[in-house]
Protein chains: 2
Amino acid sequence: MYPNLEAHIASFVKLQPAGLEILRASLKATDLRKKELLFREGEICRADYFVDKGCLRMFFIDDKGTERTTQFAIENWWMADYISLERQTASGFSLQAVEATRVLALERNACEKLLTAVPALERYFRIIRQRAYAASQVRMKYIYDFSGEEMYRHFSRSYPGFIQRVPQYMVASFLGMTPEYLSEIRKRTGR
Amino acid sequence: MYPNLEAHIASFVKLQPAGLEILRASLKATDLRKKELLFREGEICRADYFVDKGCLRMFFIDDKGTERTTQFAIENWWMADYISLERQTASGFSLQAVEATRVLALERNACEKLLTAVPALERYFRIIRQRAYAASQVRMKYIYDFSGEEMYRHFSRSYPGFIQRVPQYMVASFLGMTPEYLSEIRKRTGR
DNA sequence: CGGTCTCTTGACGGAGTTCAAAGCTAGTGG
DNA sequence: CCACTAGCTTTGAACTCCGTCAAGAGACCG
């Protein structure tokens, strides 16, 4: 039914057929066109989204009206504003498809019920969240440690090909710099 | 036995007496003096640490030899380098007591066994990790959005009193600036 | 009290931003 | 399938925030 997600879960915990059924019933598959939004700044994040195919980004608009991309999510990543999702309060972010994207949405109430019915998934999400947090610890270190140029070099080495998938101004805002400056760096470092 | 941690867990999940016993047996309480290290950059993070009393910080040394503080943890927070902990590889961080601190250490193997024996704790840690991750999403937003001066104002409003607990150069490095510049900001904004 | 750690001050420099304008590219409709 | 347009990228000059360096003033601990 959802081979990518099911394989992903299976690599962490073993589900009973009954559990798998409940999981499938808890999800809603949605296809998004390029630039389509799952929710907008000020709205509530209603689900945790698994990227089945494609790419999502999280961003907000700063006081000067510029978009600032804080995260990307590609295949096999979950993405949500977890504060907005937990408390059902207005989100400070927007969630958008960077390209044509298929997501599996696990809505808040469905998630609660799912975890009660299939406790083995608590373990799956515990591990997933721990890894996401670990990744953000490392990323924080890069932000503290690297200059703009080092950030770009690190990023383009770690995710070669991803650069082609995303417009450069989004990469720039993700790296915490202006598109103009990224352009200058790319000229210096030879694309 | 460990009233702070046990109350903290109880606010999320209900443990059976037997589970509580196993939990207690899995922990090691350690008292640290000011500046004492739990592990050093290049060593392995062997446990997840719960701050029972006091304050920890995570930091690394940048290429110029300057300490950069990436996180603080106070009472009722867990702290670890989760990549080093999961893979048992060398950590890119050091973990240090900012003041006299009492931690409860949950070592990696003990943690594995504990979670197998008491699956209800998977839920506790899933929620805790999700909140930690949510906090890092918000923090990331501040980092993208705020100037140095705004970061300081936000920080000193959000955690009044914490400033007094921690030397200023650690606050500066946490805010991503030099002590000299923080000093200048404090002069401008009236302490 | 003496020495080390911490905080402050000020002059200077550089990484990165801002603004404006021109060149490209890709998607869209005819 | 081409032409047009809107959006993306590049360039360059002026500017600014913040880091660097160096030196002095406190403050804390033995």
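In the text below, chain A, chain B and the rest are named by the order of the sequence lines, each starting its count at 1. Everything numeric in this text was worked out from a predicted model, so none of it was measured.
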Expressed in angstrom and rounded to an integer, what is the separation of [X] atom [atom1] from [N] atom [atom2]?
X       : N       : atom1 : atom2 : result
R188(B) : dG10(C) : CZ    : C1'   : 14 Å
E99(A)  : dG27(C) : CD    : C1'   : 16 Å
Y152(B) : dT8(C)  : OH    : P     : 9 Å
I163(B) : dC7(C)  : CD1   : C1'   : 14 Å
E149(B) : dG19(D) : CD    : P     : 13 Å
E184(A) : dG16(C) : CD    : P     : 9 Å
M177(A) : dT16(D) : CE    : P     : 22 Å
R68(A)  : dG16(C) : CZ    : C1'   : 12 Å

Problem - Contact check, side chains of F60(A) and Y144(B), non-hydrogen atoms, under 4.5 Å - result: yes
Handout entry: H8(B) side chain reached by N4(B) side chain, heavy atoms, under 4.5 Å
Key = no
Completion exercise
In short, side chain to side chain donor-acceptor pair (under 3.5 Å) pairs touching residues 92-111 of chain A with sequence neighbours left out are K28(A)-E107(A), D31(A)-R102(A), D52(A)-R102(A), R57(A)-Q96(A), E99(A)-R165(A)
Exercise for the section: Using the six-membered ring wherever Trp is involved, compare the ring planes of F72(A) and F174(A) and label them parallel, tilted or perpendicular (cut-offs 30° and 60°). Expected result: tilted
Exercise for the section: Classify the ring geometry between Y142(B) and H154(B) as parallel (under 30°), tilted (30 to 60°) or perpendicular (over 60°). Expected result: tilted
Whether [X] contacts [N] is assessed here as follows: a side-chain N or O lying under 4.0 Å from the phosphate OP1 or OP2. Is that the case?
X       : N       : value
K187(A) : dT10(D) : no
K64(B)  : dT20(D) : yes
T178(A) : dT17(C) : yes

Expected rows: protein N/O vs nucleotides 4-6 of chain C N/O, under 3.5 Å:
unit_1	atom_1	unit_2	atom_2	d
dT6(C)	OP1	K35(B)	NZ	3.3
dT6(C)	OP1	Y169(B)	OH	3.4

Exercise for the section: Answer yes or no: are there more than 12 heavy-atom neighbours, outside R139(B) itself, under 6.0 Å from its atom CZ? Expected result: yes
Handout entry: Minimum-distance nucleotide (side-chain atoms of Y181(A) versus dT11(D), dT8(C), dG16(C))
Key = dG16(C)
Completion exercise
Between T69(B) and F59(B) the two heavy atoms that sit nearest each other are CA-CB, 3.8 Å
Practice task
Select base, sugar-phosphate, or nothing to describe what E180(A) touches, counting heavy atoms under 4.0 Å on all strands.
Solution key: base
